[in-house]
Amino acid sequence: MALFKLTTGVFTGGNVFNLRSCLMPHLNSVTTAGLKQQTSQPLSIPEKPKKPLTPYFKFQGQIRNKIMERNPNIKIIEVTKLVSEEWKKIGEAEKKRLENEYAKEKEIYAQNVKKYHDELTPEAIEFLRKEKEVKKQKKEKREMKKLFRETGKPKKPGNSFYLFIKDNIDKKEYEGKSYMVSRF
């Protein structure tokens, strides 16, 4: 009974807060009204290793805080410009050191990726393939929507209320009046 209540939204000052969405990452499965539902990602999939930072971004991470301390009211764009100026000023020895560190981290990353792929089960590989396919479809859909907006695709015709407002918005008798319907 208590788990069933987790699926219902709780009204909190204008926002609907779904407690179940907060708990799902911590649960493997949840029983809702007697039915067992699996989470979107099985817990058996290990976390994918992250790529190492390139020498420039590693340098940027080291020096950014120093620049922010020296100039507390500076904009982020200006910080980026100052970091690039500092990058140009540092010596070749420092750049070489950062590049060597990057090469070592890249080798470790390659080993971790190989280990990651060896640990995946066939079910996990299939799940990841499907997830990748879904992401690709969503991206294509976003691009199509963007293309339709850019090419001037005609909009749906307005309803009768919208057409009335459009025709009468300039008339004196309707100036300053609100036509929005308020809900109780």
Side-chain angles (χ1 to χ4, degrees), residues 6-27 29-30 32 37-61 64 67-68 74-85 87-88 102 105-106 109-110 112-114 116-117 119-171 174-183:
L6 293 178
T7 62
T8 60
V10 179
F11 186 74
T12 57
N15 294 328
V16 175
F17 175 73
N18 193 340
L19 186 58
R20 183 174 179 216
S21 65
C22 295
L23 293 176
M24 284 306 287
H26 305 291
L27 302 173
S29 64
V30 175
T32 309
Q37 298 176 346
Q38 291 293 327
T39 60
S40 62
Q41 182 173 356
L43 294 178
S44 63
I45 297 178
E47 191 172 329
K48 189 173 183 179
K50 297 187 179 190
K51 291 182 179 179
L53 292 175
T54 61
Y56 176 75
F57 284 108
K58 194 168 194 175
F59 174 77
Q60 183 181 24
R64 180 182 220 137
I67 292 174
M68 295 290 279
I74 195 168
K75 294 181 181 179
I76 299 297
I77 294 172
E78 298 297 322
V79 171
T80 306
K81 290 178 183 176
L82 291 173
V83 168
S84 67
E85 289 173 9
W87 177 253
K88 291 175 186 175
Y102 175 68
E105 290 172 357
K106 197 171 177 182
Y109 169 74
N112 289 342
V113 166
K114 186 178 183 316
Y116 168 77
H117 286 293
E119 290 177 358
L120 290 176
T121 62
E123 295 85 20
I125 292 171
E126 182 66 22
F127 175 79
L128 292 174
R129 187 190 61 75
K130 286 180 182 178
E131 287 288 317
K132 189 175 182 180
E133 194 173 301
V134 167
K135 285 182 183 180
K136 184 179 177 183
Q137 289 174 350
K138 286 182 180 180
K139 183 179 178 183
E140 288 174 357
K141 188 175 180 181
R142 278 193 314 268
E143 289 173 354
M144 287 299 290
K145 281 185 179 181
K146 184 179 178 183
L147 181 65
F148 280 139
R149 274 186 254 125
E150 290 174 354
T151 57
K153 172 189 161 195
K155 296 180 181 178
K156 292 180 182 176
N159 60 20
S160 58
F161 178 75
Y162 174 74
L163 295 173
F164 169 78
I165 295 299
K166 187 177 177 184
D167 289 341
N168 296 307
I169 198 74
D170 294 332
K171 294 183 180 178
Y174 297 109
E175 269 186 26
K177 293 185 179 179
S178 174
Y179 297 100
M180 298 305 296
V181 177
S182 62
R183 296 186 184 229

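Count residues from 1 along the sequence. Model, not experiment: these values are computed from the prediction.
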Tell me whether the count of non-hydrogen atoms from other residues, nucleotides or ligands lying under 6.0 Å of CD1 in Ile77 goes above 12.
no

Distance in Å, Ile125 CD1 paired with His117 NE2, rounded so as to fall on 0.5 Å steps:
8.5 Å

Those residues at least two apart in sequence (or on a different chain) that pass side chain to side chain contact (heavy atoms under 4.5 Å, CB included) with Tyr109 are Pro49, Lys51, Pro52, Val113

Thr54 side, atom OG1; Glu105 side, atom CD - distance, nearest 0.5 Å:
10.5 Å

Could you walk me through whether Arg129 and Glu126 satisfy the side chain to side chain contact (heavy atoms under 4.5 Å, CB included) test, starting with their C-alpha distance in whole Å, then the side-chain angles of each, then the deciding distance to 0.1 Å, before giving a yes or no?
CA-CA 5 Å; Arg129 187 190 61 75; Glu126 182 66 22; 2.4 Å; yes

Please check if atom OH in Tyr116 has more than 12 non-hydrogen atoms from other residues, nucleotides or ligands closer than 6.0 Å.
yes

Using 0.5 Å steps for rounding, measure from the CE atom of Met68 to the CG atom of Leu82.
11.0 Å

Tell me, please, which residues at least two apart from Glu143 pass side-chain hydrogen bond (donor to acceptor under 3.5 Å, both in side chains).
none

Where is the tightest heavy-atom contact between Leu53 and Lys58, given as atom of each residue plus distance?
CB-N, 4.2 Å

Supply the atom-to-atom distance Leu128 CG to Lys48 NZ, rounded to the nearest 0.5 angstrom.
8.0 Å

Nearest heavy atoms of Val83 and Tyr56, plus distance in Å:
CG1-OH, 3.7 Å

Hits for salt bridge (charged side-chain N to carboxylate O under 4.0 Å, His left out) against Lys81, two or more places apart or cross-chain, chain-then-number order -> Glu78

Identified side-chain contact (heavy atoms from CB on, under 4.5 Å) partner of Gln137 from the options Lys135, Lys141, Glu133, Lys139:
Glu133

